[in-house]
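Only a predicted model underlies this, so the values are computations on that prediction, with no experimental measurement involved.
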Amino acid sequence: MIYERIQKGRFLKRPNRFIAKIEINGKEEMVHVKNTGRCAELLVPGAEVYVRKSESAGRKTGWDLISVRKADRLINMDSQVTNKVVQEWIEAGRWFKDVKIVRPEVTYKNSRFDLYVEYEEKKAFIEVKGVTLEEEGVVKFPDAPSERAVKHLKELEEAVQDGYEAYVFFVVQMKGVRYFTPNRRTHKEFADVLAEAVETGVQVIAKDCFVTEDSIAIADEVPVVLTNPQLYEAPELLVEWYRERKRDLPWRHHVNAYRVWVSEIMLQQTRVEAVKPFFERFMTELPTVKDLAEAPEDKLLKLWEGLGYYNRVRNMQKAAQKIEEEYAGKFPENYEEIKALPGIGNYTAGAISSFAYGIPKPAVDGNVLRVVSRLLASDEDIMKASVRTKIENAIEPVIPEDAASDFNQGLIELGAIVCVPNGEAKCEICPLTGICEAKRLGIQNELPVKKKAKARRIEERTVLIFKDGDHVAIRKRPDKGLLAGMYEFPNLDGKLTMDEVTAYSKSIGLAPIRVKKLRNAKHIFSHIEWHMTAYEVIVDELEKNCKEEMIFAHPEEIQKEYSMPSAFSAWKVK
């Protein structure tokens, strides 16, 4: 599109949406503004503008505003030209093949769409939107609420259902932008309806333009980010930060799928510093999948002692055995196959896939849920599985294929040491501060929303430390249920008195010499809380007379050979 009779001017002010006062050749002129958007960031006093002399004799405004210079970028503001440049582009064969008809301003039901095209054996409606709002290389539409634009989107959806192709073509009236996104701050409904329209088959395209003082032409494709532009911006910032600031952790050395797997299972609900010695010990004792698959249960549980959630290590062994049987001992390299292993869910599968193999799959843990909730200023409850899935789906498309590991670990690292919980976010050192919506709104300390879990069930238990000289009684728990297969001090339901403990001891064939009250203790499991009363019971000939199935061992032997859960760590025996 070529303009004639172009003149340079200087913007003075804009009395209303349709009129601007511009200095042309040293004289103040009334100029018609062919763009009803706000354009407040463009039309600032003193801005360099380009205007066209009107052909209409006797018109109150003898000029039309065509373009404005913003910094080093020239931006076309003529909202009436966008349909023409798209039509020219189509007719030049730059989009559709075998074009038969290109017709402007075609009525369909209650809407008048900008272009109607027939090509090959297909029919398409195209709604054209001119884009002039630019912020730091990001272009947005609309710059003011537009109910008409929402109405057109909904009717494009109807056209798709009626068998037409339907497009929204965003003509970015400038060059050198980074991406396009709907302006959610200005008109949230438009952004939501646009995303909905895409899901129903409406296609979105954005192209920038070559713009000069007297011309505009369609140029190159611009990336379209329909939702969560903050996530689109995050990878470059986050990857660079992670590579410079990541902590030196043992599982980040000599990275392979087995080491990643073991560390991630250990890190579930356990602090990083606490995991380090457990990881080193486990790797020393069971350095390969084969070693884990073949380890005796008692050794396995002893290595896990202190980490809790012992079913996790049992599932790890089942998974190792499956790897040995079905994959000849080689850890699978496919996300779905990894996820199919016992005890591995979305997070762990994503961590192994991305950390060890560079597969762009999300690894969403509590840290990531918190970071993303703040980044997007989301008030959705992160305790809901549906919200976790939504965040996984939002993250996956933005994971850089060449930096999947660093991106995923960067999100986790950021949540662990910067975007920390309990209202203590360290925004001043966060690499994402500039794009964080919660920070912009000042609500970062109010997020994420995390509704309280149901109260744990309280169970009263009485723990008995039977001692005979330097030997102590322990017993193995059942193979199923809480703390399955581990060893424990004998214990009973309820809160027993000293007399009841004495009576129980006698009932199992023991002869109490002295019963001593020990300190009470409490242990919290995920859904149960034990409140424990404890007694030391000195007996005679413990092993000889006891009718219950127990093991009688020296404390050093217990410490070395038998896996005792931390629930009983309050009573150290010597």
Side-chain angles (χ1 to χ4, degrees), residues 135-136 138 181 184-185 188 225 227-249 252 263-264 267-276 346-347 350-351 354-355 362-400 403-453:
E135 297 173 349
E136 297 182 355
V138 179
T181 191
R184 185 168 291 275
R185 293 180 195 171
K188 181 178 181 298
V225 181
T227 57
N228 306 326
Q230 297 86 356
L231 284 177
Y232 182 84
E233 298 253 15
E236 184 176 354
L237 298 169
L238 191 63
V239 168
E240 181 181 0
W241 173 84
Y242 174 75
R243 288 172 176 171
E244 292 178 356
R245 306 294 180 88
K246 65 181 178 182
R247 291 171 292 175
D248 184 16
L249 301 174
R252 289 178 177 165
S263 67
E264 288 301 329
L267 285 164
Q268 292 176 19
Q269 296 181 304
T270 308
R271 292 181 303 105
V272 166
E273 289 303 315
V275 164
K276 288 180 180 179
N346 287 14
Y347 168 74
S354 60
F355 301 175
V364 177
D365 68 351
N367 287 315
V368 175
L369 289 170
R370 181 169 59 258
V371 169
V372 174
S373 291
R374 288 172 174 169
L375 189 62
L376 305 182
S378 170
D379 60 0
E380 294 185 288
D381 180 9
I382 64 170
M383 298 301 289
K384 292 182 177 179
S386 59
V387 173
R388 177 183 290 268
T389 299
K390 184 176 180 179
I391 289 177
E392 288 173 342
N393 292 339
I395 288 173
E396 186 165 351
V398 306
I399 300 174
S405 174
D406 288 347
F407 174 77
N408 278 347
Q409 291 195 79
L411 275 177
I412 295 166
E413 191 87 338
L414 193 70
I417 65 177
V418 175
C419 196
V420 292
N422 303 321
E424 300 173 357
K426 302 173 185 176
C427 298
E428 67 280 1
I429 61 170
C430 178
L432 305 184
T433 291
I435 61 171
C436 180
E437 190 67 2
K439 173 65 176 173
R440 184 185 73 82
L441 297 171
I443 59 173
Q444 66 272 22
N445 293 338
E446 300 169 24
L447 298 173
V449 173
K450 186 177 180 181
K451 292 186 179 175
K452 290 183 178 179

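- How far CD1 of Ile391 is from OG of Ser378: 6.0 Å, rounded to the nearest 0.5 Å.
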Apply side-chain contact (heavy atoms from CB on, under 4.5 Å) to Lys384 and Lys390, showing your working.
CA-CA 10 Å; Lys384 292 182 177 179; Lys390 184 176 180 179; over 6 Å; no
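- Crowding of Arg440 atom CZ: a count of heavy atoms from other residues, nucleotides or ligands under 6.0 Å exceeding 12.
- Minimum heavy-atom separation, Val371 to Cys419: CG2-CB, 3.8 Å.
- Between Leu249 and Lys276 the shortest heavy-atom distance is CD2-CE, 3.7 Å.
- For the atom pair CG of Asp365 and CG of Asn346, the computed distance is 12.5 Å after rounding to the nearest 0.5 Å.
- Residues Ile395 and Leu411 meet the side-chain proximity criterion, which asks for heavy atoms closer than 4.5 Å.
- Here the side chains of Pro362 and Ile399 are in contact, with some heavy-atom distance below 4.5 Å.
- Judged as a salt bridge (Lys or Arg N to Asp or Glu O under 4.0 Å), the pairs with a partner in residues 228-241 (not counting sequence neighbours) are, in order, Arg178-Glu233.
- In terms of heavy atoms, Ile382 sits closest to Leu369 at O-CD1, 4.0 Å.
- Taking OG of Ser263 as the start and CD of Gln268 as the end, the distance is 10.0 Å to the nearest 0.5 Å.
- Atoms CD and OG1, from Gln230 and Thr181 in turn, are 8.0 Å apart once rounded to the nearest 0.5 Å.
- The two residues Ala438 and Gln444 have their closest heavy-atom pair at O-OE1, 3.4 Å.
- The backbone N or O of Val239 sits nowhere less than 3.5 Å from a side-chain atom of Asp406 that would complete a donor-acceptor pair.
- For the pair Lys246 and Arg252, the minimum side-chain heavy-atom distance is below 4.5 Å.
- Using a distance-only test at 3.5 Å, with no hydrogens or angles considered, a donor-acceptor pair links the side chain of Arg388 to the main chain of Val364.
- A salt bridge (Lys or Arg N to Asp or Glu O under 4.0 Å) check over residues 414-432, counting only residues at least two apart or in different chains, returns nothing.
- The minimum heavy-atom distance linking Gly350 with Ala363 is given by the pair C-CB, 3.9 Å.
- Side-chain contact between Ile443 and Asp379 is absent, with no heavy-atom pair separated by less than 4.5 Å.
- At distances below 3.5 Å, not a single donor-acceptor pair connects side-chain atoms of Arg374 with backbone N or O atoms of Cys436.
- Of the possible donor and acceptor atoms, none in the side chain of Arg245 sits under 3.5 Å from a partner among the backbone N and O of Glu413.
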For a side-chain contact (heavy atoms from CB on, under 4.5 Å) check, start with the C-alpha distance between Val418 and Trp241, then their side-chain angles and the critical distance, and finish with the verdict.
CA-CA 12 Å; Val418 175; Trp241 173 84; 3.8 Å; yes
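- Counting heavy atoms from C-beta on, the side chains of Leu414 and Cys430 come closer than 4.5 Å.
- Atoms SG and CG, on Cys427 and Asn445 in that order, are 7.0 Å from each other to the nearest 0.5 Å.
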Begin from the C-alpha positions of Ile412 and Tyr347 and carry the test side-chain contact (heavy atoms from CB on, under 4.5 Å) through to its verdict.
CA-CA 11 Å; Ile412 295 166; Tyr347 168 74; 3.6 Å; yes
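- A pairwise comparison of heavy atoms in Ala234 and Leu375 identifies CB-CD2, 4.4 Å as the closest pair.
- Between Glu437 and Arg184, no side-chain nitrogen of the basic residue sits less than 4.0 Å from a carboxylate oxygen of the acidic one, so the salt-bridge criterion is not met.
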